[in-house]
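The model shown is predicted, which means the values in this text are computed figures rather than measured ones. Computed from heavy atoms alone, side chains included, the values below leave out hydrogens, waters and symmetry copies.
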Amino acid sequence: MNPTLARYAAHDAASRGRRHDEKPPAYRGEFQRDRDRVIHSAAFRRLVYKTQVFVNHEGDLYRTRLTHSLEVAQIARSVARALRLNEDLVEAISLAHDLGHTAFGHAGQDALNACMRDYGGFEHNLQSLRVVDELEERYASFNGLNLSFETREGILKHCSAQNASQLGDIGKRFIDRKQPGLEAQLANLADEIAYNNHDVDDGIRAGLIELGQLETIPFFADRAADVRSRFPDCREPRLAREIIRSMIDKLVTDVIETSQALVDRAGPASIEAVREQDGPLIALSTELHEVQTALKQFLRRELYTHPHVEKMTERAHATIADLFAAFRDDFGLMPEDHANRARAALDESGPSAAMRAIADYIAGMTDRFALQQHARITGSDSAAAPLLD
């Protein structure tokens, strides 16, 4: 066991292992190996051209799924170090959590879920697990990345009982109503902190939301007043960035202090004892949880449904729906390996399996590639036309 880690942290030597047996790494820990495999995967590289809120070609400074994942990892590692949790594991989970996300952000996921409604649906957490378990093709001995149980546990943040029953050991906790390890809990909360605050930053940068609107949220107004008192000469755009930095600092500090108090009160002696708890031990205080909820509601009301963003949402739905319909009607419109996979799935397991193979192909597309394929199939100029104007 690593003496620098808390007893209730995830320890490499006590990992539940991998789906396929491998020799232990010589000069790395098990979770370092997981992180490295994620970084070298094709799915990770594609995240640089997948939308967070703003489409990649709208500007070089907006977040993408890749930069979002890096920011989640940074927040999670900072908290993990303070709580003596396994930094390598929280980093691996953070970098892998969006590997299964579609092009065009949540609009793309919603569109693909609608297409798959009669075939089991589509959910990006499940797809991320599918990517690391089956779809990546890098190793001679197995499909997927063969990640450790603990990393896979963290990737699968939520899951229905029906889906969980088909996932074996990784789905069992949803059936038994158990908690994941603290590193998985932390990566999940770091994801929420990152996307809320960084979406605010991108929304301000795009001119779709303004400081005055945000100052209707008491927490934001309090942070803004604090920044203005310390930096009276600070002006936009630096002012907004300093306020957002202050918010993240406040939230991260609260996570550390609240979580440490919860852990001290529960006194788990191991990661297995963490899993037996009635609720999560990594959390925000009630006050700051309400702040996060208020910020999320503001973003949903003022940014995610802004007419500028809605144009992208409509275009994304149409693009994904058209691609799915075309591939469903003619597998040969996909590259040969994907077409063969769909044909084999149809012969062996029926239409739902074939449609899942199509969803795998579409989910792996970047924004740009989806538009190019849509233009190729429909004969439109969708690849050249901007998603937003």
Kindly state whether the ring of His68 and the ring of His101 have centres lying under 6.0 angstrom apart. no
Taking Leu333's backbone N and O only, do any of them form a donor-acceptor pair with Arg376's side chain (distance below 3.5 Å, no angle check)? yes
Enclosure of Glu287 CD (heavy-atom neighbours >12, cutoff 6.0 Å): no
Please name the pair of heavy atoms, one in Ala43 and one in Val131, separated by the smallest distance, quoted to 0.1 Å. CB-CG1, 3.7 Å
What heavy-atom pair brings Leu239 and Val227 nearest, and what distance separates the two atoms? CD1-CG1, 3.8 Å
Excluding sequence neighbours, so at least two apart, what forms side chain to side chain contact (heavy atoms under 4.5 Å, CB included) with Asp133? Arg19, Leu129, Arg152
Would Glu136 and Arg37 count as a salt bridge (Lys or Arg N to Asp or Glu O under 4.0 Å) here? Give the steps. CA-CA 10 Å; Glu136 278 288 320; Arg37 286 183 174 180; over 6 Å; no
Lys/Arg cation over aromatic Phe331: Arg343, 6.0 Å, 45° cone: no
Flag, side chain of Thr151 to backbone of Ile93, donor-acceptor distance under 3.5 Å: no
Closest heavy-atom pair, Ser69 versus Asp98, reported as atoms and distance to 0.1 Å, is OG-CB, 4.2 Å
Answer whether the closest heavy-atom distance between the side chains of Phe104 and Lys50 falls below 4.5 Å. no
Leu182 reachable from Leu5 in the ILVMFWY side-chain graph, under 4.5 Å edges: no
Quick check: does any side chain N or O of Thr67 sit under 3.5 Å from a backbone N or O of Arg63, one acting as donor and the other as acceptor? no
Pick from Leu323, Thr102, Ile320: which one makes a side chain to side chain contact (heavy atoms under 4.5 Å, CB included) with Met365? Leu323
Would you call Val252 and Ile256 a side-chain contact if the rule is heavy atoms closer than 4.5 Å? yes
With a 6.0 Å cut-off (strictly less than), is the heavy-atom count around CG of Asp278, excluding the residue itself, greater than 12? no
Donor-acceptor pair, distance only, cut-off 3.5 Å: does the side chain of Gln277 make one with the backbone of Ala273? yes
Closest non-hydrogen atom pair, Ala92 against Phe31: CB-O, 4.1 Å
Side-chain donor-acceptor contact under 3.5 Å, Ser160 with Asn163: yes
Is there a side chain to side chain donor-acceptor pair (under 3.5 Å) between Glu22 and Asn146 once you walk through the steps? CA-CA 9 Å; Glu22 294 186 72; Asn146 198 31; 2.6 Å; yes
Is the shortest distance from a Lys or Arg side-chain nitrogen in Asp88 or Arg33 to a carboxylate oxygen in the other one below 4.0 Å? no
Is atom CZ of Arg238 surrounded by more than 12 heavy atoms (other residues, nucleotides or ligands) closer than 6.0 Å? no
Of His317, Gln373, His374, which meets side-chain hydrogen bond (donor to acceptor under 3.5 Å, both in side chains) against Asp322? His374
Can Val200 and Phe298 be said to form a side-chain contact (heavy atoms from CB on, under 4.5 Å), step by step? CA-CA 10 Å; Val200 168; Phe298 172 88; 5.5 Å; no
Establish, from distance only, whether the side-chain atoms of Asn2 and Asn86 form a donor-acceptor pair under 3.5 Å. no
Side chain His106, main chain Tyr304, donor-acceptor under 3.5 Å: no
Ring of Tyr8, cation from Arg84 - is the NZ or CZ under 6.0 Å from the centre and inside 45° of the axis? no
Determine yes or no for a side-chain-to-main-chain donor-acceptor pair under 3.5 angstrom, with Thr313 supplying the side chain and Val309 the backbone. yes
Decide whether Asn143 and Glu137 meet the rule of one side-chain donor and one side-chain acceptor closer than 3.5 Å. no
Heavy-atom nearest pair, Ala187 first then Val90, reads CB-O, 4.5 Å
Between Ser148 and Arg18, the two heavy atoms sitting closest are N-NH1, 3.3 Å
Do the side-chain N and O atoms of Arg223 and Ser246 include a donor-acceptor pair separated by under 3.5 angstrom? yes
Would you say the side-chain atoms of Asp264 and Gln260 include a donor-acceptor pair closer than 3.5 Å? yes
Side-chain donor or acceptor of His306 paired with backbone N/O of Glu302 under 3.5 Å: no
Could you label the plane-to-plane angle of the Tyr361 and Phe369 rings as parallel, tilted or perpendicular, counting under 30° as parallel and over 60° as perpendicular? perpendicular
Using the side chain to side chain contact (heavy atoms under 4.5 Å, CB included) rule, pick out the option among Arg275, Glu153, Glu150 that qualifies with Pro180. Glu153
Are Arg230 and Asp226 ion-paired here, with the side-chain N under 4.0 Å from a carboxylate O? yes
Report, as yes or no, whether the 6.0 Å neighbourhood of atom CD on Glu272 holds more than 12 heavy atoms from other residues, nucleotides or ligands. yes
Check: Asp176 side chain, Lys178 main-chain N or O, donor-acceptor pair, under 3.5 Å: no
Salt bridge between Glu314 and Lys311, side-chain N to carboxylate O under 4.0 Å? no
Using only atom types and a distance under 3.5 Å, with no angle test, would you say the side chain of Glu87 pairs donor to acceptor with the backbone of Ala80? no
Test log, rule salt bridge (Lys or Arg N to Asp or Glu O under 4.0 Å), inputs Asp222 and Lys250: CA-CA 11 Å; Asp222 175 68; Lys250 189 78 170 176; 5.9 Å; no
Check the surroundings of atom CD in Glu210: do more than 12 heavy atoms from other residues, nucleotides or ligands lie under 6.0 Å from it? no
Could you go step by step and tell me if Asp360 and Arg356 meet the salt bridge (Lys or Arg N to Asp or Glu O under 4.0 Å) rule? CA-CA 6 Å; Asp360 289 339; Arg356 183 63 56 189; 5.7 Å; no
If only atom types and distance count, is the side chain of Arg45 paired as donor or acceptor with the main-chain N or O of His40 below 3.5 Å? yes
Quick check for you: to the nearest 0.5 Å, what is the distance between Gln127 atom CD and Ile155 atom CD1? 12.0 Å
